[in-house]
Amino acid sequence: MAAENDKNLIEILENLNAIDIAKYMNYVSTPQAGAIATFSGTTRDTFEGKTVTELRYEAYVPMAIRCIKFVCSSARASWNLHSIAVVHRLGTVPVGETSVFIAVSSVHRADALEACRFMIDEIKATVPIWKKEVYSNGEVWKENTEFLERRSELSDNKVGCCGKKVETKERSNFRVNDEGSKN
């Protein structure tokens, strides 16, 4: 059997037109899997009565990929999964197009469905991908409700964006985490 990382496909697509959903479905498809659960996040045309024209996404890609890998590992720790594919677009995503796609395969449907739901919620709560909603009459950077709910948990427990416990030592006017990086 392949190593866990060999069964995860994680991609951040920059300035591409569309996500090739078939590519990710094919990646997770296998004769051993009796279930494939998917989530496709698409740009809708309205938000709270405002006309949405597009979404714009930005990210710190190396950290986003590292955090998505952590979400995949967390899902594997809770459910019996075969393969996982996660892709997120950056740049402009017009109305009706997909910005994030997740596919999860498992032997049984409950594992795939529950893991897929967990993964989108965790990605929205913890991965450093930022979204700007562009309206016909303005624009605004958006915070995901999952992130807002998680913010107090993160500060109370000193947990990093990827769920890793961060040990800190106070030094002069900045904090240094367990990897020696300034916070």
Side-chain angles (χ1 to χ4, degrees), residues 8-21 23-25 37-75 84-104 113-166 168 173-175 177 179 181-183:
N8 294 341
L9 175 59
I10 300 165
E11 294 183 332
I12 305 288
L13 305 178
E14 301 182 63
N15 300 318
L16 295 176
N17 290 337
I19 291 175
D20 180 4
I21 291 174
K23 171 184 174 180
Y24 303 98
M25 291 294 295
T38 65
F39 173 82
S40 180
T42 58
T43 303
R44 63 181 176 263
D45 64 357
T46 57
F47 179 77
E48 294 182 348
K50 298 177 205 163
T51 301
V52 175
T53 60
E54 65 189 23
L55 299 178
R56 295 185 194 146
Y57 289 93
E58 294 182 12
Y60 176 53
V61 175
M63 184 180 285
I65 289 172
R66 187 170 61 240
C67 289
I68 293 170
K69 285 180 181 178
F70 184 83
V71 171
C72 291
S73 294
S74 297
I84 299 171
V86 178
V87 59
H88 203 299
R89 283 175 66 180
L90 299 182
T92 300
V93 182
V95 170
E97 291 191 17
T98 301
S99 55
V100 60
F101 184 76
I102 299 169
V104 180
L113 289 167
E114 291 169 16
C116 191
R117 170 74 185 256
F118 165 82
M119 290 184 66
I120 188 57
D121 288 347
E122 285 299 299
I123 287 168
K124 288 175 78 63
T126 65
V127 176
I129 297 175
W130 303 283
K131 175 174 74 174
K132 181 186 279 188
E133 273 189 3
V134 179
Y135 308 113
S136 58
N137 62 349
E139 56 189 37
V140 65
W141 285 101
K142 302 292 287 203
E143 288 183 312
N144 293 319
T145 54
E146 295 85 355
F147 171 77
L148 295 173
E149 292 167 359
R150 185 72 56 84
R151 186 181 345 186
S152 63
E153 175 187 324
L154 292 173
S155 62
D156 292 345
N157 296 321
K158 291 188 172 60
V159 177
C161 76
C162 300
K164 289 174 53 176
K165 200 77 157 157
V166 176
T168 60
N173 293 332
F174 61 86
R175 293 180 10 207
N177 68 22
E179 297 169 355
S181 301
K182 292 179 183 177
N183 291 338

Among I19, I12, I129, side chain to side chain contact (heavy atoms under 4.5 Å, CB included) partner for R89: I19

Side-chain (R66) to main-chain (K69) donor-acceptor, under 3.5 angstrom: no

Shortest non-hydrogen contact from P128 toward C67: CD-SG, 3.9 Å

Closest non-hydrogen atom pair between C116 and F39, with its separation: SG-N, 3.7 Å

Spacing of L9 atom CG and I68 atom CD1 [to the nearest 0.5 Å]: 11.0 Å

Check: L55 main-chain N/O paired with T43 side-chain donor or acceptor under 3.5 Å: no

L90 side chain reached by V61 side chain, heavy atoms, under 4.5 Å: yes

Residues, nucleotides or ligands: over 12 heavy atoms within 6.0 Å of E54 CD: yes

I102 side chain reached by I123 side chain, heavy atoms, under 4.5 Å: yes

Note, K50 side chain near S136 side chain (heavy atom, < 4.5 Å): no

Closest contact, heavy atoms only, S40 versus I21: OG-CD1, 4.3 Å

Exercise: identify the closest heavy-atom pair between F101 and A103: CE2-CB, 3.9 Å

4.5 Å side-chain heavy-atom contact, D45 and V52: no

Close side-chain approach of T51 and Y135, heavy atoms under 4.5 Å: no

Electrostatic pair R56-E139, nearest N-O below 4.0 angstrom: yes

Working for side chain to side chain contact (heavy atoms under 4.5 Å, CB included), residues H88 and V127: CA-CA 11 Å; H88 203 299; V127 176; over 6 Å; no

Criterion side chain to side chain contact (heavy atoms under 4.5 Å, CB included) on K142 and F47, from CA distance to verdict: CA-CA 11 Å; K142 302 292 287 203; F47 179 77; 2.8 Å; yes

Residue pair W141 / E58, side-chain heavy-atom distance below 4.5 Å: yes

Any side-chain heavy-atom pair of K23 and E11 under 4.5 Å: yes

From CG (D20) to CG (L13), nearest 0.5 Å: 9.5 Å

